[in-house]
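Structure record follows, encoded as C-alpha cells.
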Amino acid sequence: MTRTDETWFRLREWTHGQTSSERLAAHVLGAEGYEGIDPSHPLGGKDGGKDAVATKDGSSWVMGVYFPRGQKSIGKITKKFTEDLAGAKKHGSQGFVFVTNQELTLGQRDDLKDLGDGIE
C-alpha cells in the first residue's frame, strides 16, 4: 500500500537537522526564482542572523529557516520568525523569506507578514 502523505509526514516530523533543512530551503528558493543563494554556514554554525542571502528581482533577501520536529505553537513559530526577521533588518535586507515545515493558516501567515514593518 502506498502512503499518499509521505512527503507531508517527513517534512512535519523532520529528523534531518538544521543543516539539511537549510539546504532544502535553498533549493525551494531556487525553484521560486531567487538567485545567488549564499548559505551563511552550510555545515552549521553561528550565522549572525541570516541562514542565507539571495537576490530576487534586483533586491537583496535574507532567508530564515525553521524546521522543528512536529507542529509547534503559533507563539513558538512567531518567536523564531521575529528573531530571524530582526537578523534580516540588521543586515539591511530589502526582503525576508521564512521557510518552515510548520502548518500556518492564511490568517497566521498574514499576521507574520504584518510583523515585517516595511520589509518585503
Side-chain angles (χ1 to χ4, degrees):
M1 184 171 152
T2 302
R3 284 185 67 148
T4 59
D5 62 351
E6 185 66 25
T7 301
W8 176 89
F9 182 80
R10 285 181 181 263
L11 287 170
R12 171 61 77 74
E13 300 303 322
W14 189 258
T15 59
H16 299 285
Q18 186 67 18
T19 300
S20 293
S21 67
E22 290 179 16
R23 287 181 178 174
L24 175 61
H27 285 289
V28 170
L29 263 59
E32 291 296 318
Y34 291 82
E35 299 176 319
I37 301 163
D38 184 14
S40 297
H41 282 282
L43 298 176
K46 296 276 184 189
D47 59 24
K50 58 186 187 295
D51 292 324
V53 294
T55 58
K56 186 171 185 181
D57 300 328
S59 297
S60 66
W61 289 71
V62 166
M63 175 181 76
V65 179
Y66 183 50
F67 270 59
R69 186 168 185 188
Q71 183 68 33
K72 303 302 177 195
S73 70
I74 188 60
K76 286 184 180 182
I77 298 166
T78 301
K79 181 178 185 301
K80 175 64 171 149
F81 180 92
T82 303
E83 291 168 355
D84 288 354
L85 176 62
K89 289 180 178 180
K90 177 177 116 180
H91 295 287
S93 177
Q94 296 162 312
F96 172 63
V97 59
F98 186 70
V99 183
T100 186
N101 66 339
Q102 299 294 288
E103 282 191 67
L104 297 167
T105 66
L106 292 175
Q108 290 168 332
R109 292 179 203 177
D110 288 340
D111 290 345
L112 292 174
K113 286 178 189 174
D114 289 344
L115 295 174
D117 191 32
I119 198 166
E120 263 187 81

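Side-chain atoms are counted along with the backbone in the values below, which use heavy atoms only and exclude waters and symmetry mates.
One finds the CZ atom of R69 at 9.5 Å from the NZ atom of K72 (value rounded to the nearest 0.5 Å). R109 contributes atom CZ, which lies 14.0 Å from atom CG of D114 (distance to the nearest 0.5 angstrom). Distance check, rounded to the nearest 0.5 Å: NZ of K79 to CD1 of I74 gives 14.0 Å. Atom CG of L112 and atom CD1 of I77 lie 8.0 Å apart (nearest 0.5 Å).
For K80, the salt bridge (charged side-chain N to carboxylate O under 4.0 Å, His left out) partners two or more places apart in sequence, or in a different chain, are D84. With sequence neighbours excluded, the residues satisfying ring pair (Phe, Tyr, Trp, His ring centres under 6.0 Å) with F81 are F96, F98. Residues passing the salt bridge (charged side-chain N to carboxylate O under 4.0 Å, His left out) test with D110, sequence neighbours excluded: none. In this view, K89 satisfies the salt bridge (charged side-chain N to carboxylate O under 4.0 Å, His left out) rule with no residue, not counting sequence neighbours.
Remark: the backbone N or O of S60 is paired with a side-chain donor or acceptor of S93 at under 3.5 angstrom. Of the possible polar contacts, none joining the Q102 side chain to the Y66 backbone as a donor-acceptor pair under 3.5 Å is found. The backbone N or O of E22 sits nowhere less than 3.5 Å from a side-chain atom of D51 that would complete a donor-acceptor pair. Within the 3.5 Å criterion, the main-chain N or O of Q71 finds no donor-acceptor partner in the side chain of E103.
Residues W8 make up the rest of the hydrophobic cluster containing F9, defined by ILVMFWY side-chain heavy atoms closer than 4.5 Å, directly or through other members.
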Exercise answer: donor-acceptor pairs, residues 24-39 side-chain atoms, under 3.5 Å, sequence neighbours excluded:
none

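Looking only at side-chain heavy atoms (C-beta outward), F67 and S20 stay at 4.5 Å or farther from each other.
Within a 6.0 Å radius of CG in D111, more than 12 heavy atoms belonging to other residues, nucleotides or ligands are found.
Only one option out of V65, T100, V99, N101 pairs with S21 in a side chain to side chain contact (heavy atoms under 4.5 Å, CB included); it is V65.
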